[in-house]
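Structure first, then comments.
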Amino acid sequence: MFSAFLRRSFLAIITLFMLTFISYAILLKDPLNAQLGVPHFYSGYWCYIDSLLHGNLGISYQGGESLTRTILAVLPPTLELCFTSMLLATLFGIPLGYIGALPEKPWISRTVRATYLVGLSIPIFWLAPILLYFSAIHGWEISAIGQYNLLYDIPTKTGFPLIDMWFVDVPYRVKIIQNVLQHLVLPTLVLCILPMMEITRFIQQRTQSLLAENYIKIALSREASKFNVLTKYILRNSLPQLVSQFPRLFILLITQCMLIEGTLAWPGIGRWLIDAVSQQDYNSISAGVMAIGLCILLVNIFTQILMFILDPFNKKGWYVK
């Protein structure tokens with residue numbers, strides 16, 4: 001187990017090194033930062049690493065603002081969208097996958113398979129403005145852009161309005177909560193489509209393969225409850241493998257956020273990073289790449305820890321000797 005820990009730690013360090021190297025290369029694209037690479041490319045690399053370790057990402061050349069404070073302001077809205085979309089996709093994708101794996105009703109299985117094939121092929125950059133237009137035409141309350149109405153003042157404590165709204169001490173706090181949730185519904189529904197279809201496909205295929213195993217057939221032949229078989233055998237043997245898919249789904253959600261944040265006026269890091277690219281603000285691009293890469297790395301590490309807890313095969317190192 002200790003050797004596996006060292007191996008994974010070494011891979012994480014190598015990943016961080018590559019991430020800082022790419023971020024530094026982007027930083028040198030700015031003519032004002034070109035002297036950092038003189039006379040050699042790596043001349044200012046260690047100074048750049050030292051600045052990162054002290055939390056100093058520099059300033060934006062467009063507005064002169066601290067990039068550290070800017071990242072802390074634009075990153076939480078994107079993470080809020082990713083986490084709520086992933087939660088919604090998991091809650092709906094797992095039951096839908098199990099329903100699609102029922103052997104007694106093959107037409108349901110074919111319907112679920114056709115559903116996730118269609119869902120995986122839908123371009124969300126086209127779906128987001130269509131849903132926004134459709135909901136606005138019919139006067140739905142979810143036809144809202146941004147995080148919440150600017151008439152409401154939500155003090156920033158964590159950076160996540162979904163959490164900060166509970167700390168607001170005003171008589172109309174219920175209205176604030178309702179407004180935040182109304183603004184969150186549409187982007188969450190759009191973003192959860194792809195991960196929900198991926199989870200549905202994975203659970204359906206995993207359940208169908210487990211139903212062909214002999215121990216599942218024996219449990220069913222003993223007239224055991226299908227619900228007990230589902231929770232005791234299939235669910236326990238599916239969740240660890242499903243958790244391993246979360247880093248990939250998180251990367252897909254991050255990229256999708258960049259496509260719809262501009263459409264729905266969501267003040268996230270994707271919209272901010274695209275604006276930085278259009279303005280050729282290489283300092284902001286470098287800081288944004290570093291922040292997104294670090295978030296993905298942390299999600300991957302958390303997933304590996306969770307897999308170690310859920311999957312008993314990962315604990316075999318505890319029983320050596």
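L88 has its side chain out of reach of L191: every pair of non-hydrogen atoms, C-beta onward, lies at least 4.5 Å apart. Counting only heavy atoms from C-beta outward, the side chains of I94 and L239 approach each other to under 4.5 Å. Contact check for L186 versus L131: side-chain heavy atoms found under the 4.5 Å cut-off. Using a 4.5 Å heavy-atom threshold, the side chains of Q256 and F125 count as separate. No side-chain heavy atom of V74 sits under 4.5 Å from any side-chain heavy atom of P267. Residues V168 and D164 are not in side-chain contact: their nearest non-hydrogen atoms beyond the backbone lie 4.5 Å or more apart. Within the 4.5 Å cutoff, the side chain of L181 has heavy atoms near those of the I177 side chain. When side chains are defined from C-beta on, C295 counts as touching L75, because their heavy atoms get closer than 4.5 Å.
Not one N or O on the side chain of N300 forms a donor-acceptor pair closer than 3.5 Å with the backbone of P247. Distance alone, capped at 3.5 Å, is enough to place a donor-acceptor pair between the R173 side chain and the W166 backbone. Remark: side-chain polar atoms of S85 are not paired, donor with acceptor, to backbone N or O of C82 under 3.5 angstrom. Not one N or O on the side chain of T84 forms a donor-acceptor pair closer than 3.5 Å with the backbone of T188.
To the nearest 0.5 Å, atom CE of residue M18 and atom OG of residue S23 are 13.5 Å apart. A distance of 12.0 Å separates CD1 of I154 from CD1 of I163, quoted to the nearest 0.5 Å. Between the CD1 atom of I124 and the CG atom of L127 there is a distance of 8.0 Å, given to the nearest 0.5 Å. Of the inter-residue distances, the one linking I122 atom CD1 with I130 atom CD1 reads 12.0 Å to the nearest 0.5 angstrom. A distance of 6.5 Å separates CG in L16 from CG in L294, rounded to the nearest 0.5 Å. To the nearest 0.5 angstrom, M165 atom CE is 10.5 Å from N179 atom CG.
Shown here is Q245, whose CD atom has more than 12 heavy atoms of other residues, nucleotides or ligands within 6.0 Å. Within 6.0 Å of CD on Q279 lie more than 12 heavy atoms contributed by other residues, nucleotides or ligands. Counting non-hydrogen atoms of neighbouring residues, nucleotides and ligands closer than 6.0 angstrom, the OH atom of Y152 exceeds 12 such neighbours. Residue-environment remark: CZ (R248) exceeds the threshold of 12 foreign heavy atoms within 6.0 Å.
Pairing each heavy atom of S244 with each of T303, the nearest pair is CA-CG2, 4.2 Å. V243 and M307 get closest at one heavy-atom pair: CG1-CG, 3.7 Å. Between I260 and A128, the shortest heavy-atom distance links the atoms CG2-CB, 4.0 Å. Nearest heavy atoms, L249 versus P195: CD2-CA, 4.2 Å. Taking every heavy atom of both residues into account, A12 and L297 meet most closely at O-CD2, 4.2 Å. Considering every non-hydrogen atom in both W266 and H183, the closest pair reads CZ3-O, 3.7 Å.
Using modelled atom types, one finds no donor on one side chain facing an acceptor on the other under 3.5 Å when comparing S60 with N283.
Checking L273, T78, I71 one by one against I292, the side-chain contact (heavy atoms from CB on, under 4.5 Å) holds for a single residue, L273. Tested against Y24, the residues F17, Y282, W46, Y45 include a single ring-ring contact (aromatic ring centres under 6.0 Å, His included) partner, Y45.
Under the 4.5 Å side-chain heavy-atom criterion for Ile, Leu, Val, Met, Phe, Trp and Tyr, L79 and L72 are members of distinct hydrophobic clusters. Criterion: ILVMFWY side-chain heavy atoms under 4.5 Å apart, direct or through other members. Under it, I296 and L11 are not part of a common hydrophobic cluster. Under a hydrophobic clustering in which Ile, Leu, Val, Met, Phe, Trp and Tyr are joined whenever their side-chain heavy atoms come within less than 4.5 Å, directly or via other members, M290 and L53 fall into the same cluster.
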message: Quick one, E80 with L184, criterion side chain to side chain contact (heavy atoms under 4.5 Å, CB included). Give me CA distance, side-chain angles, the key distance, then yes/no.
response: CA-CA 9 Å; E80 184 180 75; L184 187 64; 4.1 Å; yes

field: Candidate pair L27 and Y48, rule side chain to side chain contact (heavy atoms under 4.5 Å, CB included), full reasoning
entry: CA-CA 10 Å; L27 192 67; Y48 176 69; 3.7 Å; yes

- request: With side chain to side chain contact (heavy atoms under 4.5 Å, CB included) as the test, would you mind laying out the steps for F246 and F302 before giving the verdict?
  value: CA-CA 10 Å; F246 283 170; F302 176 76; over 6 Å; no

- request: Would you sort out whether V289 and L19 count as a side chain to side chain contact (heavy atoms under 4.5 Å, CB included), showing the intermediate values?
  value: CA-CA 8 Å; V289 169; L19 183 61; 4.3 Å; yes

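Taking the six-membered ring where tryptophan is involved, the planes of F83 and F250 are essentially parallel, since the angle between them stays under 30° and well short of 60°.
The salt bridge (Lys or Arg N to Asp or Glu O under 4.0 Å) contacts involving residues 122-135 comprise nothing, where partners must be two or more places apart or lie in separate chains.
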Going by atom type alone, with no hydrogens or angles, which donor-acceptor pairs under 3.5 Å involve a side-chain atom of residues 196-207 and a protein atom two or more places apart or on another chain?
residue, atom, partner, partner atom, Å
E198, OE1, R201, NH2, 2.7
E198, OE2, R201, NH2, 3.4
T200, OG1, G93, O, 3.4
T200, OG1, M196, O, 2.7
Q204, NE2, G100, O, 2.9
Q204, NE2, S109, O, 3.3
Q204, NE2, S109, OG, 3.0
R206, NE, N237, O, 3.1
R206, NH2, N237, O, 2.8
T207, OG1, I203, O, 2.7

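When hydrophobic side chains of Ile, Leu, Val, Met, Phe, Trp and Tyr are connected at separations under 4.5 Å, Y133 ends up clustered with I137.
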